[in-house]
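Inspection log for the structure reproduced underneath, given as structure tokens.
Note on naming: letters A, B, ... go to the chains in the order of the sequence lines (proteins, then strands), and numbering restarts at 1 for each one.
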Amino acid sequence: MSQADIVFHNTLSGKKETFVPGNPEHVTVYVCGPTVYSYVHIGNGRPAVIFDVLTRLLRTRYPQVSYVSNITDIDDKINAAAAANGEEIATLAERYAQAYRQDVSALGVLAPDVVPKATHHIAEIIDMIETLIAKGHAYASADHVLFHVPSDGAYGTLAKRTLEDMIDGARVEVAGYKKDPKDFVLWKPSSDEQPGWHSPWGRGRPGWHIECSAMVKKHLGDSIDIHGGGSDLTFPHHENEAAQSRCANDDPSYVRYWLHNGMLHLGTEKMSKSLGNVLTIRALLESHSSEVLRYALLSGQYRSSLTWSDELLAQARASLDSLYQSLRDATAETSQTSADMQGLKQADYPDTVVAALCDDLNTPRALAAMHELATQLRRATNGEEKTAALQQLLAGGWLLGLLHQNAEDYFTQGQPGDAATLSADEIEALIARRKAARADGDYAGADRIRDELLTAGIELEDSREGTRWRKI
RNA sequence: GGCUGGGUGGCAGAGUGGUUAUGCAGCGGACUGCAACUCCGUUAACGCCGGUUCGAUUCCGACCUCAGCCUCCA
């Protein structure tokens, strides 16, 4: 019984294509991470979460998946930030690199197999630049090394624009040392204050794009299956990266599937560091649970833009609550969470969720399927049905990186920013007093206690088994 | 200006040439001392104008409009 093909929208063709790995025994994935000179914003979290779901899916199907996601730790903005607060450049970059790992880890993102950094790959970068020069695709000029764009016949095929298109509204600086205005920097000289490494072209540092080419080659090879990143990286970053790699590697199929996620918006505009309209993950975690943030990120298909707002977060929380509510009813006797569902057989993951994800990571459809599974679980009339539905729901939760908390804890521990101030013991004591009042027929007194709790952010749910509570 | 991708019910967001997801919210009912939870039922949509078709939200064309990239950006 063969299962559904995985289909991805490939930026290269502009179409959905069936995913056929170069080597089904070993699938290779590379995703561009952030440049670390400040805390990352929630927009940076989107590719981290999306491609986390991608690798979770791939790993249910392929025996080996190598996932590499870099951190850019050499960049003029890093230099500027370090200079601004009198800090060592490497210290600042490392501090924010660690913060990035913490932030995306909080979003439930599993660590990639390798998280390479540009500064640890200077030798590989220099090697690749030398190769490009030797093959006539790059040249040294005025202490710089430049990639000669017209030397690559395939240039522009990713971003789908011709050289003529680019000359039209070009805002490129016309540096005198460039043979062609579109030529871009592979290596540039450093002043004494700037970080630099010795090279055949003097002390200097790499340009932006070459690090990814070098790190992909080192960790995954000359040709890989999937390369992901934000849609704003398509041009020039990925176009340039692809040009470098295919010219240096003699392999025209540098990347078989290019996947680009859409941007997060704040209001009508893209969330962007340069515009300054960003919400850091760190700040959001002060008033929202990390899982709500992840749910919100998954509530839109990854290629579309997603407008980030308080309403989105409120709806994400309400929706996640409803999934946990069905788990709470079902998991009284088990401590299982989705974290226990890693590494199941393919067939043990729910078909509907898998099918949605196989269709170009359609996470909104996958979430819809999760809610349908939750409904099945609530409707289950016997233990067998209930167990089966529970397993399905939790297994789907694993694929999406949701439902890893114990349902009871989810509701009683509350979330950052909740109004609740009472301790569990105080709440239980009030519930006991209310129970006594009800037993005495003192409904007015019982309701007073319930209202008091509600004011304190605690909602009660009565059932035959007793009264339970949740923070709201 | 060039290139790319959108405009779906109160909100978010899938999908489809005819039976019209899912979540939140709303409405009616059941349950409850009353609520909450849960269950049952239910309202409501496809930017605009043409075309193709027995039939289009779905295909084609024009238009309006929004966003992204063309500079650092996930």
What integer number of Å spans the [atom1] atoms of [N] and [M]?
| N | M | atom1 | answer |
| --- | --- | --- | --- |
| B/A45 | B/A56 | C1' | 15 Å |
| B/A30 | B/C37 | C1' | 14 Å |
| B/C59 | B/C69 | C1' | 29 Å |
| B/G9 | B/A35 | C1' | 30 Å |
| B/C48 | B/U57 | C1' | 13 Å |
| B/A21 | B/A14 | P | 16 Å |
| B/U8 | B/C40 | P | 30 Å |
| B/G6 | B/G13 | P | 14 Å |

(message) Given 3.5 Å as the limit, does a donor-acceptor pair link the side chain of A/Asp73 with the main chain of A/Thr119, or not?
(response)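 Present.
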
(request) Please confirm whether the backbone N or O of A/Gln405 pairs with a side-chain atom of A/Tyr324, one donor and one acceptor, at under 3.5 Å? (result)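 Confirmed, A/Tyr324 side chain pairs with A/Gln405 backbone.
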
(request) Take A/Ser299 and A/His9, find for each the nucleotide of RNA chain B with the closest heavy atom, and name the residue whose nucleotide sits nearer the 5' end. (result) A/His9

(message) Pick the closest RNA chain B nucleotide for A/Asp75 and for A/His265 by heavy atoms, then say which residue is nearer the 5' end.
(response)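 Result: A/His265.
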
(message) Using a 4.0 Å heavy-atom cut-off to protein, can you give one letter per nucleotide of nucleotides 33-39 of chain B, 5' to 3': B if the base is in contact, S if only the sugar-phosphate is, - if neither?
(response) BBBBSSS

Looking across every strand, which nucleic acid part, if any, lies under 4.0 Å from [X] by heavy atom: base, sugar-phosphate, or nothing?
| X | answer |
| --- | --- |
| A/Leu264 | base |
| A/Gly43 | base |
| A/His41 | base |
| A/Thr307 | nothing |
| A/Ser272 | base |
| A/Gly33 | sugar-phosphate |
| A/Lys160 | sugar-phosphate |
| A/Asn362 | sugar-phosphate |
| A/Met370 | nothing |

Suppose we call two aromatic rings close when their centres sit under 6.0 Å apart. Are [X] and [Y] close by that rule?
| X | Y | result |
| --- | --- | --- |
| A/Tyr96 | A/Tyr39 | yes |
| A/His219 | A/His121 | yes |
| A/His144 | A/Trp187 | no |
| A/His238 | A/His260 | yes |

Would you tell me whether [X] and [Y] have side-chain atoms, one donor and one acceptor, within less than 3.5 Å of each other?
| X | Y | value |
| --- | --- | --- |
| A/Thr307 | A/Ser309 | no |
| A/Glu17 | A/Ser13 | yes |
| A/Glu372 | A/Gln392 | no |

(request) Determine, for A/Asp462 against A/Arg468, whether the closest basic-nitrogen to carboxylate-oxygen distance falls under 4.0 angstrom. (result) no

(request) Check whether any side-chain N or O of A/Lys273 sits under 4.0 Å from OP1 or OP2 of B/C72, and answer yes or no. (result)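 Answer no for this pair, as no side-chain N or O of A/Lys273 is under 4.0 Å from OP1 or OP2.
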
(request) Quickly work out the A/Arg365 CZ to B/G23 C1' distance and round it to whole Å. (result) 16 Å

(message) Using a distance-only criterion (donor-acceptor N/O pair, under 3.5 Å, no hydrogens), is the base of B/C11 paired with the side chain of A/Glu311?
(response)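 No, the side chain and the base share no sub-3.5 Å donor-acceptor pair.
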
(message) Is it the case that the base of B/C72 and the side chain of A/Lys77 share a donor-acceptor contact (distance under 3.5 Å, atom types as modelled)?
(response)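 Side chain to base: pair found, below 3.5 Å.
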
(request) Only stems of 3 or more consecutive Watson-Crick or G-U pairs count here, both distances under 3.5 Å; name the ones for RNA chain B, or none. (result)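 The stems are B:1-7 with B:64-70, B:10-12 with B:22-24, B:26-30 with B:38-42, B:49-51 with B:59-61.
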
(message) Given A/Asp103, which partner from the list A/Ile42, A/Val109, A/Val40 fulfils the side chain to side chain contact (heavy atoms under 4.5 Å, CB included) test?
(response) A/Val40

